[in-house]
There are 2 protein chains.
Amino acid sequence: MRPLCTSLIYVLAVLGLEAVMQKECEIVGILQDKLKYKERLQYMKYYFPLNYTVTVQYEEVLRTSNVSRLRDEAITEPSLRYLWFHVSSQVVLKIRDVLPEQHPSWSYTQELCDLLEGLGVEYEKYKQGDMDIVVADLVKRIHDAEAGSNRKPVRPKALLDNCVKVMRMLYSTPCKWDSA
Amino acid sequence: MRPLCTSLIYVLAVLGLEAVMQKECEIVGILQDKLKYKERLQYMKYYFPLNYTVTVQYEEVLRTSNVSRLRDEAITEPSLRYLWFHVSSQVVLKIRDVLPEQHPSWSYTQELCDLLEGLGVEYEKYKQGDMDIVVADLVKRIHDAEAGSNRKPVRPKALLDNCVKVMRMLYSTPCKWDSA
């Protein structure tokens with residue numbers, strides 16, 4: 001009975017993970033829609049003064065090239081998605097925090113915050129103890145305001161452009177998005 | 001006949017000046033309406049990131065205290081209004097220049113620019129050669145980007161707050177505005 005039982009547990013675990021991933025894909029799908037180019041352009045560029053920048057930590061500038069490098073270091077995909085989630089959440093919070101509530105981009109950033117918060121609930125379910133040490137360290141640094149890492153000024157739209165590009169890189173395959 | 005003729009010329013000159021002042025009052029009246037607190041709050045504070053500043057020249061921060069000091073130095077009222085016009089025009093241009101055309105405050109600043117441009121036409125009619133040397137020097141410095149005077153960062157709303165306060169100080173009496 002043991003092999004059968006083990007298989008059953010494995011199947012149930014996979015089904016459980018798939019159910020979680022399904023919810024994750026659903027939220028990230030809505031995020032993708034919210035973050036489409038037209039919206040980013042309007043809320044993150046046109047509604048800000050020219051050349052306006054937000055100061056972020058070095059680790060909060062997560063580009064596709066960084067993710068490729070981490071993949072080369074055999075960092076797992078769930079770890080990379082976990083990293084993307086933390087970077088994106090922090091970045092959106094930082095953009096929202098420079099805006100008065102009456103600013104025409106405030107509600108937009110609040111909607112992004114809410115969606116990312118919903119995604120955070122999904123991540124809490126199964127990923128907390130299972131992160132690559134490199135990613136765990138990066139996430140710790142992102143949340144540690146006193147970490148003393150380099151800070152840099154980045155335009156709000158550039159931050160969300162990175163967020164979208166890395167999101168597509170990490171979710172297109174598991175969420176079966178069309179590449180178009 | 002000479003005294004009568006002189007009186008006639010004087011009367012005609014006064015009537016001419018009054019006609020010009022009437023047009024000036026009309027434009028500044030519309031400006032006052034455009035610059036009311038609610039509009040300044042919305043377009044110059046809520047629609048900008050928190051603590052956002054525009055860098056202006058030292059001479060472009062024209063407060064009521066500066067005008068009082070200039071009055072104590074016996075600077076004429078037309079000269080003071082001429083100074084206020086140049087400072088206000090430069091300040092509004094500087095605010096507009098930091099905004100993309102699609103920004104929700106851009107049209108507002110453009111409307112202010114148009115009104116100030118209309119006021120400039122009135123000033124050209126009779127004030128050019130008749131300015132106190134102190135004011136002429138200040139205006140020259142404002143328009144000379146290379147003047148090398150100190151620059152300071154000031155919030156957009158604070159710049160327009162100064163603009164409104166000085167406007168009321170200088171136009172309330174000649175334009176017979178209610179002090180309420």
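We name chains A, B, ... by the order of the sequence lines, and we start the count at 1 in each one.
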Chain A contact via N51(B) - side chain, backbone, both or neither, heavy atoms under 4.5 Å: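 For N51(B), neither part sits under 4.5 Å from chain A.
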Crowding at [atom1], [X] (>12 non-hydrogen neighbours, <6.0 Å):
{"X": "E77(A)", "atom1": "CD", "value": "yes"}
{"X": "K94(A)", "atom1": "NZ", "value": "yes"}
{"X": "E117(B)", "atom1": "CD", "value": "no"}
{"X": "K45(B)", "atom1": "NZ", "value": "no"}

Ignoring hydrogens, what is the shortest heavy-atom contact between L50(A) and D97(B)? Give both atom names and the distance.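 Answer, listing the atom of L50(A) first, then D97(B): CD1-O, 3.4 Å.
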Check each of S105(A), P104(A), P49(A) against Y47(B) using the side chain to side chain contact (heavy atoms under 4.5 Å, CB included) test, and report the only one that passes.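 For Y47(B), the side chain to side chain contact (heavy atoms under 4.5 Å, CB included) check succeeds only for P104(A).
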Heavy-atom distance under 4.5 Å to chain B: side chain of F48(A), backbone, both or neither?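 Both backbone and side chain.
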